[in-house]
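What follows is a short report on a single structure.
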Amino acid sequence: MAYSSLRDFVRELERAGELRRIKAEVSPDLEITQITDRVSKAEGPALLFEKVEGSDMPLLINAFGSYKRMAMALGVEDMNEIANEIEGMIQLGPPESLLDKVKLLGILNKLTKFPPKTVKRGACQEVVWTGDEISLDRIPLIKCWPLDADKYITLPQVFTHSLKTGQRNVGTYRLQRLDERALAMHWQIHHDGAGHHREYREADERMPVAVAIGGDPVMSYIGTAPLPSGIDELLFAGFLRKANVPMVPCKTIDMLVPADADIVIEGYIEPDETCIEGPFGDHTGYYSLEDEYPVFRITAITHRKRPIYQTIIVGKPPMEDCYMGKATERIFMPLIRTQLPELVDMNLPLFGVFHNFALISIDKRYPYHAKKIMHSLWGLGQLMFSKIIIVVDKDVDVQNVDEVLFRVGSNVDPKRDVTIVEGPVDVLDHAAPLMGAGSKMGIDATTKWREEGYQREWPDEITMSQEVIDLVEQRWKEYRIE
């Protein structure tokens, strides 16, 4: 299912009883955050604030804040539907083989039956602000947390191109308001947007940038998807929507943007213009610290006649962004299996804020197999940031955290089964001794084999016979326990 606008998605949420309209006037300065945080923690609905102080635009938040709404945003009943479709298109090689990069790209190309198409006009340009009309203050940007440096755009679709190859990238990078016509662009050094910026800086050229907000909710998701470098996010968006993404030329820069977006901000980044960005209350539950980032100068703002400003807040989980992360976990697991066919299941738990914990179950086939999996994951895309990886046997339900921790307590000898490595870590990991560099831990909680140095007999696990389980199930009502 492809939504033609964010307003279509709002109507669908309302029909499903998943949205509440807030008619009281609210402040974008902390009040919206406090309301939304209470609703998020209570697993409540999406919120449409119809009257935000200082702006005529309504504000949508917590739209992705549950498994059901995240699935609705991607046009499915369950996020596993997408994973199953991808898995059905992939022919895995024998367990011992590894698909090289070219073969992996070939698999991904099978997912791209709906390339983006260029159109002459788009709803995102029904209203155009240029020159003195430009003002971020007409958009209901929010200040999320008390120590935040200013108001932020937290759910942008940031469009950039490689100066060398012309390859497009769509990333989700927060933007801090500096003044009415300038934003600080927070892209971390590992991300493609930052890589594109390095190319322009080395060439001493001005870099065009466009930021889209709203539109089909698929577009708000794809910037967070960990696609391999060189894969166009709009091809993946077409696969998810089962329809081409219509794109329209910008008014003041040479860039295409989604025609059905609610708001588009056009501009540029000078090669060497930077500013201090932050602090910002981040998804880790802590404030990320001040640092130097590029300045994004605005040349135009365009929008629909009746735009909706979509945003999110991040902080201590569970929050709306957690469900975006869980969508990624489910959708991309079949592609991870092309590299690691022994992978049975994985869980990036909400409390792990994407990169602190990865719970992995495997079909263990040889000694030290769990250690091989740890090192493989640390070399695989964004999973390289996984601070703590726990590996268990295939019969353990990694979606049940208590069961995983039981295996850690039961099966782990710390000296033998804990692996410590050094390498790149998420730049938001404040515990690391250096920004972006530190240590990571792998825990092998699988059953140990003699070939792994376990000299005793591994005990049998306590289980009930299936015959008695079936008997009790049949006679349960006779016991009158409930």
**Message:** Taking the ring of F236 and the ring of F332, is the distance between their centroids below 6.0 Å?
**Reply:** yes
**Audit row: T274, E292, side-chain hydrogen bond (donor to acceptor under 3.5 Å, both in side chains) steps and yes/no** = CA-CA 6 Å; T274 61; E292 199 168 359; 2.5 Å; yes
**Asked** When you measure from the side chain of N400 to the backbone N and O of D402, does any donor-acceptor pair fall under 3.5 Å?
**Response** yes
**Item:** Aromatic F385 / basic K387 pairing, under 6.0 angstrom, 45° off normal
**Value:** no
**Message:** Between V158 and F296, is there a side-chain heavy-atom distance shorter than 4.5 Å?
**Reply:** no
**Asked** Between S4 and D8, does any side-chain donor sit less than 3.5 Å from a side-chain acceptor?
**Response** yes
**Item:** Beyond-backbone contact of N347 with I360, side-chain heavy atoms, under 4.5 angstrom
**Value:** no
**Request:** May I ask you to establish whether R297 and Y268 are in a cation-pi arrangement, using a distance under 6.0 Å from NZ or CZ to the six-membered ring centre and at most 45° from the ring axis?
**Result:** no
**Message:** Which residue is it: Y67, Y221, F354, F64? I am looking for the one with a ring-ring contact (aromatic ring centres under 6.0 Å, His included) to Y323.
**Reply:** Y67
**Request:** State, with a plain yes or no, whether a side-chain heavy atom of C275 is found less than 4.5 Å away from one of L178.
**Result:** yes
**Request:** Look only at the side chain of R7 and the backbone of R306, and say whether a donor-acceptor pair between them is shorter than 3.5 Å.
**Result:** yes
**Prompt:** Looking at R21 and E14, does any basic side-chain N land under 4.0 Å from a carboxylate oxygen?
**Reply:** yes
**Message:** Under 3.5 Å, is there a donor on one side chain and an acceptor on the other for D345 and Q399?
**Reply:** yes
**Asked** Side chain of D148, backbone of G281: donor and acceptor closer than 3.5 Å?
**Response** yes
**Message:** Are the side chains of L59 and T311 in contact, using a 4.5 Å heavy-atom criterion?
**Reply:** yes
**Prompt:** Is any side-chain N of the basic residue among K68 and D78 closer than 4.0 Å to the acidic one's carboxylate O?
**Reply:** no
**Request:** For this output row, return yes or no: ring centroids of H186 and Y173 closer than 6.0 angstrom.
**Result:** no
**Message:** Going by side chain to side chain contact (heavy atoms under 4.5 Å, CB included), I313 matches just one of I61, L155, I32, T154. Which one?
**Reply:** I61
**Message:** With a 6.0 Å cut-off on the ring centroids, do F239 and F114 count as close?
**Reply:** no
**Message:** Can a side-chain donor-acceptor contact be found between E199 and S162 if the only test is distance below 3.5 angstrom?
**Reply:** yes
**Request:** Quick one: do F280 and Y152 satisfy ring pair (Phe, Tyr, Trp, His ring centres under 6.0 Å)? Show the steps, please.
**Result:** CA-CA 9 Å; F280 173 73; Y152 276 82; 4.5 Å; yes
**Request:** Salt-bridge test for E126 and R304: reply yes if a basic N is under 4.0 Å from a carboxylate O, no otherwise.
**Result:** no
**Asked** Yes or no on side-chain hydrogen bond (donor to acceptor under 3.5 Å, both in side chains) for S40 and N62, after CA distance, side-chain angles and deciding distance?
**Response** CA-CA 7 Å; S40 294; N62 206 36; 3.3 Å; yes
**Asked** Could K242 and E85 be called an ion pair, given the rule that one side-chain N must be under 4.0 Å from one carboxylate O?
**Response** yes
**Prompt:** Do the side chains of P146 and Y287 get nearer than 4.5 Å, heavy atoms only?
**Reply:** yes
**Message:** Less than 3.5 Å apart, any donor N or O on the side chain of S135 or E180 sitting next to an acceptor on the other?
**Reply:** yes
**Item:** C124 and D262, any side-chain heavy atoms less than 4.5 Å apart
**Value:** no
**Message:** To the nearest 0.5 Å, what is the distance between CE on M219 and CD1 on I222?
**Reply:** 3.5 Å
**Asked** If you measure from CD on E320 to OG1 on T36, what distance do you get to the nearest 0.5 Å?
**Response** 8.5 Å
**Request:** Among V170, V248, V211, find the one that has a side chain to side chain contact (heavy atoms under 4.5 Å, CB included) with V257.
**Result:** V248
**Request:** Verify, without hydrogens or angle tests, whether E18 (side chain) and P45 (backbone) share a donor-acceptor contact under 3.5 angstrom.
**Result:** no
**Prompt:** Would one find more than 12 heavy atoms of other residues, nucleotides or ligands at under 6.0 Å from atom CZ of F406?
**Reply:** no
**Prompt:** Are E277 and R174 within salt-bridge range, i.e. N to O under 4.0 Å?
**Reply:** yes
**Message:** So that I can tick it off, tell me whether D192 and R168 are bridged by a salt bridge, with the cut-off set at under 4.0 angstrom between side-chain N and carboxylate O.
**Reply:** no
**Prompt:** Would a line drawn from the ring center of H283 to the ring center of H355 be shorter than 6.0 Å?
**Reply:** yes
**Prompt:** Is a side-chain N or O of D37 found less than 3.5 angstrom from the main chain of T33, in a donor-acceptor match?
**Reply:** no
**Asked** Rounded to the nearest 0.5 Å, how far does OH of Y309 lie from CD1 of I213?
**Response** 5.0 Å
